[in-house]
Amino acid sequence: MGRYRMEDFEVDVSEDLGPLLFVKLRKTHLLLKDAWFCNHITVWVFQQSMEEKEVVFPCYRWVQGDGIICLPEATAWMMRNEVQGLFQKHGEEELEERRTLYRWATWKEGLPLSVAAASEKDLPLDVRFHEGKKIDFEGTLAAGMMDIALKRLYTLLSSWNSLEDFDQIFWGSKSALAKRVRQSWKEDDFFGYQFLNGVNPTLLRRSTSLPTRLVIPPELEGLQAQLERKLQEGCLFEADFSLLDGIQANVIQGERQHLAAPLVMLKMEPDGKLLPMAIQLQPPCSGSPDPPLFLPSDPSLTWLLAKAWVRNSDFQLHELQAHLLKTHLVAEVFAVATMRCLPGMHPIFKLLIPHLRYTLEINTRARTKLISDGGIFDQVVNTGGGGHLDVLRKATACLTYRSLCPPDDLADRGLLGIPSALYAHDALRLWDIISRYVQGTVHLYYSEDEVVQSDPEVQAWCQEITEIGLCGAQERGFPVSFQSRAELCHFVTMCIFTCTAQHSGINQGQLDWYAWVPNAPCTMRKPPPTTKDVTLEMVMATLPNVHQACLQMTIAWHLGRFQPDMVPLGHHKEEYFSGPGYKAVLKRFQEDLNTLEREIVARNEGLDLPYYYLQPSRIENSITI
Ligand SMILES: CC/C=C\C/C=C\C/C=C\C/C=C\C/C=C\CCCCCC(=O)O
Ligand SMILES: [Fe+2]
């Protein structure tokens, strides 16, 4: 039997089968690997003197071995209390089986729970990468490793002692914006811009007071006055990396790496540009002299090194907190809870499942190759060697529900209504669009709040996410039950937003902002400067070495590049729902996304730096990379 064969099978049945509730599917098992993927079964019922009727049984699962798959009819959930509880019983059996297939595991204490699987090979076939994705994933990694070998060979033959020497490895696949980063990375407005619209737009806040950790030496009273004035005008902002304080730095091949925990104060100009005013690289520590404040007026290399330290710290919080924890790991919790608590005929299962595709496998791969013992973090990142897990733990301990919902998050950070905050603008638009889609769907199945309150499955799902998967996150605002349709819609909107828009916003920028390594160094090999005497030798000795820089470029490209098999948001082919109600809601969703697409394209045409990570055609329907 050939691989990748697609076939439609038609079977005629002449006898009257009565009302159709289930179909059962079985395949004779001959060879070791002869599984088939079944999309759906459609039955056309011909009734005398009546229109032909179509009855659909969605499947979208592998049929393997000798097992029998029993598929309830697409509208079964609406009839769950009828037909002698047959659908109810089917759902219970299905969940019983799924709970043995998808089990929770504690990979590391203090992190959200994950799926129990030591490697991707342990995952059920239904959630594995399909052949094409696997070949592409593994093939591009291998090609990237070849690039590294060539780059190392090349740099062996030349010198590595000026910033321009990073050009020697800046070849191969890279984006237009990555080239722009190489041109502009030293500019202050470019540095400030990244907090609004770069790879990590999640940290910046508008200041409501001067941060207590900011110790301003008496000789800088001018700065103090300026900061206070900006604060009063409402245009003072801060990026505080205190979460990194106290984290152990990595030791790479016997060499200790170093970490900082900076605070950056920025001002917003009337034209929307965000400019750094001061950088404090470490919080004050009793018994030590106050940490210096680095300023734009410092010698240019000093100021550049201070900014490079901030960019390195941002790399850590971006990858660990914003990316891994707040998209990948929480999406995994949604995925496992969905498999364990919601039967296939449940409307919330149908709504969410296209947004959970491939997430369990990519995360399992991350746990075995990226954040594992000896993984990429240990090899080339200064939080590696265990510090990265402590960052994840600290970030988990302060993960709030509000921070996953842009209307709340952006309000809390004082970022509403800023014309140059493009991530914020597009995220809010997407939140509204997704929320309307979710509400449209939920209202088809839940006619009033009471139906939500008395749905034991959706309540168990909520509780399992908050109490089990997120390890008691009710303390941080996550719900343990839904009292109304509105609460359910808000939560499901958060799930879909996180798995689609938010991940795309956080993931794609790796390609642009991480290719020019000095803009976002993966590690720092010397301690942060404590005086303003900085030389080029110090800068070069601090930034990643050739090997570290090459690996950063390869992984950033691997993870940030356009995925060949990507499904854009709202365009999955699976049809789990049947009937005109959902079709109309989906159509509206796609139209809303198209409208936003056109708005973003038109806006970007007039911009010096386009912001396209939240352009709907670029948003993946689930976390797959
Ligand atoms: C420059 C980027 C460096 C690190 C990226 C950090 C975080 C990314 C967060 C989530 C990515 C999720 C999954 C990636 C899974 C696997 C990566 C595989 C790399 C394997 C390299 C190898 O040695 O085979
Ligand atoms: Fe990712």
Side-chain angles (χ1 to χ4, degrees), residues 107 111-112 114 117 119-120 129 133-134 136-149 169 174 178 181 199-200 250 311-312 314-332 357-384 387-389 391-392 395 498-523 544 547-563 566 613 618-625:
W107 181 65
L111 301 195
S114 58
S119 88
E120 64 278 4
F129 287 174
K133 168 84 173 171
K134 176 171 147 54
D136 174 70
F137 185 88
E138 292 174 357
T140 46
L141 258 181
M145 297 302 160
M146 279 294 293
D147 270 9
I148 297 183
I169 57 167
K174 57 187 167 322
V181 172
V199 68
N200 186 15
N250 199 357
R311 300 294 317 135
N312 168 262
D314 198 43
F315 178 102
Q316 315 303 323
L317 292 195
H318 165 255
E319 291 293 17
L320 294 168
Q321 184 174 35
H323 188 191
L324 258 174
L325 174 66
K326 292 178 74 177
T327 65
H328 281 257
L329 298 185
V330 298
E332 179 165 359
R357 183 179 86 133
Y358 290 166
T359 304
L360 296 182
E361 172 146 359
I362 191 65
N363 284 6
T364 305
R365 286 179 183 262
R367 277 188 292 274
T368 56
K369 291 272 196 285
L370 188 71
I371 50 175
S372 48
D373 273 350
I376 300 289
F377 266 80
D378 284 7
Q379 288 172 47
V380 298
V381 182
N382 48 343
T383 48
H388 62 307
L389 301 175
V391 176
L392 281 169
T498 301
C499 296
T500 60
Q502 186 64 6
H503 178 258
S504 288
I506 296 300
N507 192 73
Q508 290 178 71
Q510 295 178 102
L511 188 72
D512 298 325
W513 300 97
Y514 286 178
W516 179 251
V517 172
N519 184 61
C522 57
T523 188
H547 170 67
Q548 294 159 345
C550 286
L551 197 58
Q552 164 173 341
M553 290 178 73
T554 293
I555 300 296
W557 173 72
H558 182 64
L559 301 178
R561 98 209 128 97
F562 179 83
Q563 295 295 303
M566 85 89 101
Y613 303 137
R618 287 175 167 252
I619 298 177
E620 262 202 276
N621 210 34
S622 66
I623 299 178
T624 74
I625 189 68

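Quick note: residue numbers are just sequence positions, from 1. Bear in mind the structure is a predicted one, so any value in this text is a computation, not a measurement. Remember, it's 1-based here, ligands and their atoms both numbered in the order they're listed.
- Checking Q316 against T383 by side-chain atom types alone, a donor-acceptor pair falls below 3.5 Å.
- Only the side chain of H328 comes within contact range of ligand 1, with a heavy atom under 4.0 Å; no backbone atom does.
- Proximity to I376 (heavy-atom distance under 4.0 Å) selects the following atoms of ligand 1: 21 (C).
- For ligand 1, the atoms lying closer than 4.0 Å to a non-hydrogen atom of H323 are 8 (C), 9 (C), 10 (C).
- Expressed to the nearest 0.5 Å, how far CG of L320 lies from NZ of K326 amounts to 13.0 Å.
- Note: T364 OG1 to E120 CD = 7.5 Å, rounded to the nearest 0.5 Å.
- Only the side chain of L141 comes within 4.0 Å of ligand 1, counting heavy atoms alone; its backbone N, CA, C and O stay farther away.
- Ring pair F377/H388 is parallel by interplanar angle, where below 30° counts as parallel and above 60° as perpendicular.
- For the pair NE2 of H328 and O of I625, the angle whose vertex sits at the Fe ion (ligand 2) is 90° to 10 degrees.
- Here D136 does not pair with K133 in a salt bridge; the nearest charged N to carboxylate O distance is not below 4.0 Å.
- The F315 neighbourhood of ligand 1 comprises atoms 1 (C), 3 (C), with distances under 4.0 Å to a heavy atom of that residue.
- Coordination check, N507 versus the Fe ion (ligand 2): passed, since an N/O/S atom of the residue sits under 2.8 Å.
- Here L559 has side-chain heavy atoms under 4.0 Å from ligand 1, and that is the only part of it that gets that close.
- Atom CG of residue L329 and atom OG1 of residue T359 lie 11.0 Å apart, to the nearest 0.5 angstrom.
- With distances taken over non-hydrogen atoms, the option nearest atom 7 (C) of ligand 1 out of R367, H318, E319 is E319.
- Note that NE2 of H318 is 9.5 Å distant from CZ of R311, once rounded to the nearest 0.5 Å.
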**Request:** Show the numbers, then the answer: is there a side-chain contact (heavy atoms from CB on, under 4.5 Å) between K369 and L141?
**Result:** CA-CA 12 Å; K369 291 272 196 285; L141 258 181; 6.0 Å; no

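- Residue contacts with ligand 1, taken as heavy atom pairs separated by less than 4.0 Å, do not involve N363 at all.
- Of the heavy atoms in W557, none comes closer than 4.0 Å to ligand 1.
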